[in-house]
Number of protein chains: 2
Amino acid sequence: MTRLPLYLKIGELLHREIAAGHWLPGERMPPEAELAEDLGVAVGTLRKALATLEEEGLLQRRQGSGTYVQRAPAGNAIYQFFRLELLDGGGVPSADVVSLKKCESAVATGHLAGKPLQQWQVKRLRLLNNKPAAAEEIYFSYAHAPKLVLADLHESLYIHYREQFGFWIARVEDKISCELPPEWVKKHLQLAGNTHCVRVERRGFSNVDKPEEYSITWFDPAHCRYLARWS
Amino acid sequence: MTRLPLYLKIGELLHREIAAGHWLPGERMPPEAELAEDLGVAVGTLRKALATLEEEGLLQRRQGSGTYVQRAPAGNAIYQFFRLELLDGGGVPSADVVSLKKCESAVATGHLAGKPLQQWQVKRLRLLNNKPAAAEEIYFSYAHAPKLVLADLHESLYIHYREQFGFWIARVEDKISCELPPEWVKKHLQLAGNTHCVRVERRGFSNVDKPEEYSITWFDPAHCRYLARWS
DNA sequence: AGGAATTTGTGCGTATGTATC
DNA sequence: AGATACATACGCACAAATTCC
């Protein structure tokens with residue numbers, strides 16, 4: 001058995017403490033020396049733990065001032081896989097649900113291998129800086145939720161999956177093409193009849209690498225684009 | 001005046017040394033203790049410097065083994081950044097050069113910040129299973145090669161860069177959109193006049209993170225697509 | 001305005017653990 | 001099994017930024 005390094009254990013401990021509300025977002029934590037003594041570790045060890053949490057974005061450390069809790073840890077990876085940006089870069093993403101319905105596998109059949117054929121379909125409008133930028137159809141297994149109403153849906157479906165369904169999306173595969181979008185997309189994005197859209201077909205895989213989500217996203221290349229970084 | 005921390009200075013120094021070829025890709029650097037003494041700093045300070053370089057991807061550190069300069073991708077990773085596939089998956093990639101010329105920065109000006117304005121432009125046809133799938137325009141600095149003829153070009157430009165120019169592409173950024181392609185693309189891909197193509201704008205960064213390559217690729221979504229995997 | 005106190009950042013040195021060769 | 005090299009952990013001193021009186 002190989003032990004977890006102390007600084008990572010300490011980091012996990014603090015992470016849980018923060019998640020449990022021991023310190024609230026915006027609050028200042030005790031100084032390094034005090035915290036280190038309370039925890040019974042050297043200051044350097046604590047510093048390394050705090051550094052990892054800062055890197056995760058959970059903490060903010062300011063010289064001469066203190067260590068501050070940055071935010072609630074729940075929303076760790078909300079927009080981790082969101083790849084759209086405005087043509088001049090950036091844009092704050094949000095989402096509006098357009099429709100929610102059960103479907104009998106007529107669409108997206110076989111796309112989620114090994115899943116039951118009954119699926120939920122969610123149509124959404126994706127916004128950048130509060131202006132419509134893309135439209136998407138999302139499919140996931142009916143088995144996760146026999147009942148589901150629009151009000152139940154979290155704005156971040158990934159959070160909904162995690163908090164309601166007990167899994168999270170750890171990996172996605174995108175296949176990118178372009179086409180004339182379906183009518184409902186044209187309508188909601190207010191596109192002219194002959195506007196070609198970029199089409200992103202996505203498969204999302206869970207933490208245990210099961211295919212859990214299938215989606216198609218359309219957007220007008222005149223307004224935004226897909227950003228990819230590789231190394 | 002506020003001084004740069006010593007560990008960042010040391011990091012910069014090592015970065016330059018490596019870029020200058022003092023240690024070659026794949027080579028093992030001296031052990032921490034020795035390097036620290038040579039540089040006249042404490043081991044901890046050197047470690048912090050090495051950590052930043054490892055984070056940049058310039059170094060690889062292996063416990064019990066040593067610190068290694070990250071080597072250029074091996075021969076089998078020629079198409080590490082090639083993202084096109086046939087609609088039913090896969091396809092063997094190859095390339096044909098269509099034209100090669102110097103250009104006076106009329107196109108792609110400013111895309112390679114800090115580079116001279118004179119650039120080489122290469123137009124190529126990309127094939128999948130020996131059938132035309134995409135067309136691309138590639139730009140790189142004229143300074144790398146005052147003379148260059150078509151016969152000199154390697155089928156893999158990335159290999160050409162590595163073997164002739166002494167750098168390699170370690171990271172790319174793709175921005176994906178769609179549009180009606182330019183005439184030369186239509187001609188070579190034999191596209192009807194109104195066929196919208198996916199357009200991939202790519203910036204390639206070298207092992208020392210300098211922008212070295214700019215390219216635009218067009219392909220017909222009816223024949224192939226761009227594949228992205230995220231985790 | 002200014003100086004003291006507080007708090008994190010930087011840097012050093014050492015000892016021990018653990019992976020690799 | 002032994003030697004080597006990086007990883008972890010401890011503790012201390014001083015610098016720099018911020019806060020508070």
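Chain A is the first sequence line, chain B the second, and so forth, proteins listed ahead of strands; every chain is numbered from 1. In this text, all values refer to a predicted model and were calculated from it rather than measured experimentally.
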Would you confirm whether A:R225, through its side chain, and A:L87, through its main-chain N or O, come within 3.5 Å as a donor-acceptor pair? yes
Below 4.0 angstrom from OP1 or OP2 of D:dA9, is there any side-chain N or O of A:K48? no
So does B:R61 get a side-chain nitrogen or oxygen closer than 4.0 Å to the phosphate oxygens (OP1/OP2) of D:dA7? yes
Output yes when at least one side-chain N/O atom of A:R47 is less than 4.0 Å from OP1 or OP2 of C:dT8, else no. no
Any donor and acceptor pair, going by atom type alone, linking the side chain of B:N129 with main-chain N or O of B:K131 inside 3.5 Å? no
Checking contacts here: which listed nucleotide (D:dA17, D:dA9, C:dG11) is nearest the side-chain heavy atoms of B:T45? C:dG11
Please figure out whether B:M29 or A:L8 has its closest DNA chain D nucleotide nearer the 5' end. B:M29
Can a side chain N or O of B:S65 be found less than 4.0 Å away from OP1 or OP2 on D:dC6? no
Think A:T67 has a side-chain N or O under 4.0 angstrom from the OP1 or OP2 of C:dT7? no
Measuring from the side chain of A:V41 (C-beta onward, heavy atoms only), which nucleotide among C:dG11, D:dC10, C:dC12 has the closest atom? D:dC10
Regarding A:R61 and A:E32, does a basic nitrogen lie under 4.0 Å from an acidic carboxylate oxygen? yes
Looking at B:Y68, does the NZ or CZ of B:R62 lie under 6.0 angstrom from its six-membered ring centre and within 45 degrees of the ring axis? yes
